[in-house]
Amino acid sequence: MSKDERQVKKITPKTEDFSRWYVEIVQKAELADYTPMKGMMVIRPYGYAIWENIQRLMDQRIKATGHVNAYFPLFIPESFLKKEAEHVAGFTPEVAWVTMGGKEELEERLAVRPTSEAIIGYLYSKWIKSWRDLPVLINQWANIVRWEKVTRPFLRTTEFLWQEGHTCHETAEEAEAETLKVLGFYKEFCETELAIPVLAGRKTLREKFAGAQMTYAIEALMSDGKALQMGTSHNLGQHFSKAFDIKFEDRNQTLQYVWQTSWGTTTRMIGALIMAHGDDSGLRLPPRVAPIQAVIVPISMGNWKESVLPKARAVEDNLKKAGVRVSLDAREEFTPGWKFSEHEMRGVPLRIEIGPRDIAAGQAVLVRRDRKTKETAPLDGLTVKVPALLDEIQSSLFQEATKFLADNTRAAGTYEEFKDILENKKGFVTSLWCGSESCEDKIKNETMATIRVIPLENEERSGRGACVCCGREAETLAYFARAY
RNA sequence: CGGGACGUGGCGCAGCCUGGUAGCGCACAUGCUUGGGGUGCAUGGGGUCGUCGGUUCAAAUCCGACCGUCCCGACCA
């Protein structure tokens, strides 16, 4: 077997079978593993370290916008879930129930939270009395259970981790502003930290959250041409405050129901990182969320333990002091070539090779994971060079993904064009839409595509043409795609 | 829940058609060797063949039921 064949054998090429490629990366990069329960995965230390970085960076944004963290119960009494009619109808098909406590049958069964609006609504009704109590800006980091029929690691699992914000406001305008503010930092987060460009917009009524007045979302394009929802922000209006009796005395001494929002992002973002940036050698992690930003691989030759290793340790120490998440791979049981492949699979953004020849020349070989390009750099300049290179990799990944999104977003004026793009080119299709659910359904049935978002910034194009489906006067421009 | 495929050491598979008590590659362990793109050699450990039942002197192999997984559809962050 040639070396090339051996390399290829390691992973199914993305173009050959995208979902197999995806699952193989998840397992070979040790992000997650399957467990004995269908749809339940274990997030392994390396995958969890990515999540911790995401959490930290997202939490900063949540707090910077005035929110505080709290923790609410895992269980929700059935009667609570039932208070908001649309909410219970939307979530009942996927709720897991607790009916026994030890040997005792419970008087009222408890839902394992599929989302926490109901339990939090109850508590807000206890806590909020006056306009002086508003706004309430609370977030929680928690696990959620939804009994999904089809599951895939990170993208859709029975249990998953997320953050869910739940806020209460005095006025409808304030709630709407909050909803959009969160959508804004979600977008900024994805683009800055994950290097994934997203479309921000509102969902159609058909696609909105069960119980919301209006749902907004950010949508990204995966490299197989399918869209993935990366986060949602809901304006709940007074739906839940009326159901849970969350009232306050306003500035005019009259009783009012609060205006609420809720919003969330999940471990699904790890799946997005894989599908947006990965290649046939494995993951390509953006430096800002990579658990290991740079790995030092000493080239083990001759008396390398005496000649190379001490120098490599010194480089490691200096980079650590410079704030780089660096790791020295001094394992003796693997050859350098083996380590190169492994760290590529795990998506480590930068590899630093130091061998006898480099020591002699006072340099190191730097290899970028994103482009696999090599360059040499003086050893004593690494504390400046490495952080700069990491920044460059971060922005280069973002530019690459941005170009991909632009190249794969196409306008369709006729339904024939529309179907042709979805069938043969994939990606997003922008078209005018009349606003009717019948066209939305027809398109979904015939092309498997749904309206991912109605863009906020392009709404002024409304009404300037005919609906791509029925030909009637259009109401708005919409982004369509097949989605995960 | 409908259509299809598949369950054999940790992983990927062969063996099944034509029953005779399990094999290969990778991984793992030990030793030597090698080391700038998955080094090579030797030795070794590990499987009641998804479960239950039936046929048979004898079942991984034939028959039945059940369970589970994966892919394709409807539901979903």
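In the text below, chain A, chain B and the rest are named by the order of the sequence lines, each starting its count at 1.
- A heavy-atom distance below 4.0 Å to RNA chain B is reached by these residues of residues 210-236 of chain A, ordered by number: A:Gln229.
- For residues 283-301 of chain A, every residue pair satisfying the side chain to side chain donor-acceptor pair (under 3.5 Å) rule, not counting sequence neighbours, is listed here: A:Glu193-A:Arg288, A:Arg284-A:Glu400.
- Using a 30° and 60° split on the angle between ring planes, A:Trp338 and A:Phe334 fall in the parallel class, below 30°.
- Distance check on atom C1': B:C28 versus B:C11 gives 12 Å, rounded to whole Å.
- Applying the salt bridge (charged side-chain N to carboxylate O under 4.0 Å, His left out) test to pairs two or more places apart or on separate chains, none has a residue in residues 260-276 of chain A.
- Picking from B:A77, B:U39, B:G36 the nucleotide with the shortest atom distance to the side chain of A:Arg146 gives B:A77.
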Contact pattern, 5' to 3', of nucleotides 2-7 of chain B - B, S or - by protein heavy atom under 4.0 Å: ------
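- Proximity of the aromatic rings of A:Phe244 and A:Tyr124 is defined here by a centroid distance below 6.0 angstrom, and this criterion is not met.
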Tabulate protein N/O versus nucleotide N/O from nucleotides 71-75 of chain B, keeping only pairs under 3.5 Å, one per line.
residue: B:C75; atom: OP2; partner: A:Lys444; partner atom: NZ; Å: 3.4

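- Here the separation of B:G37 from B:C62, taken at their P atoms, is 49 Å to the nearest Å.
- Side chain of A:Trp338, nearest nucleotide from B:U39, B:G37, B:C70: B:U39.
- Among pairs with a residue in residues 211-228 of chain A, those fulfilling salt bridge (charged side-chain N to carboxylate O under 4.0 Å, His left out) read A:Lys203-A:Glu219, A:Glu219-A:Arg452, at least two apart in sequence or across chains.
- Within residues 260-269 of chain A, the residues having any heavy atom closer than 4.0 Å to RNA chain B are, in order of number, A:Thr266, A:Arg268.
- Residues that satisfy the side-chain contact (heavy atoms from CB on, under 4.5 Å) test with A:Pro356, not counting sequence neighbours, are A:Ile299, A:Met301, A:Val308.
- The side chain of A:Ser341 places no N or O atom within less than 4.0 Å of a non-bridging phosphate oxygen (OP1 or OP2) of B:G37.
- For A:Pro336 and A:Trp162, each mapped to the nucleotide of RNA chain B holding its nearest heavy atom, the one lying further toward the 5' end belongs to A:Pro336.
- Between B:C66 and B:C24, the two C1' atoms lie 32 Å apart (nearest whole Å).
- Between A:His234 and A:Phe209, the ring planes lie parallel to each other; the angle is under 30°, not in the 30° to 60° tilted range.
- Between the CH2 atom of A:Trp304 and the P atom of B:G35 there is a distance of 13 Å, given to the nearest Å.
- Listed by first residue number, the stems of RNA chain B with at least three Watson-Crick or G-U pairs below 3.5 Å are B:1-7 with B:67-73, B:10-13 with B:23-26, B:28-32 with B:40-44, B:50-54 with B:62-66.
- For A:Glu117, the side-chain hydrogen bond (donor to acceptor under 3.5 Å, both in side chains) partners at least two apart in sequence or on another chain are A:Thr115, A:Ser262.
- Among residue pairs with one or both ends in residues 294-313 of chain A, those qualifying as salt bridge (charged side-chain N to carboxylate O under 4.0 Å, His left out) are A:Lys305-A:Glu332; sequence neighbours excluded.
- Residues meeting the side-chain hydrogen bond (donor to acceptor under 3.5 Å, both in side chains) test with A:His239, sequence neighbours left out: none.
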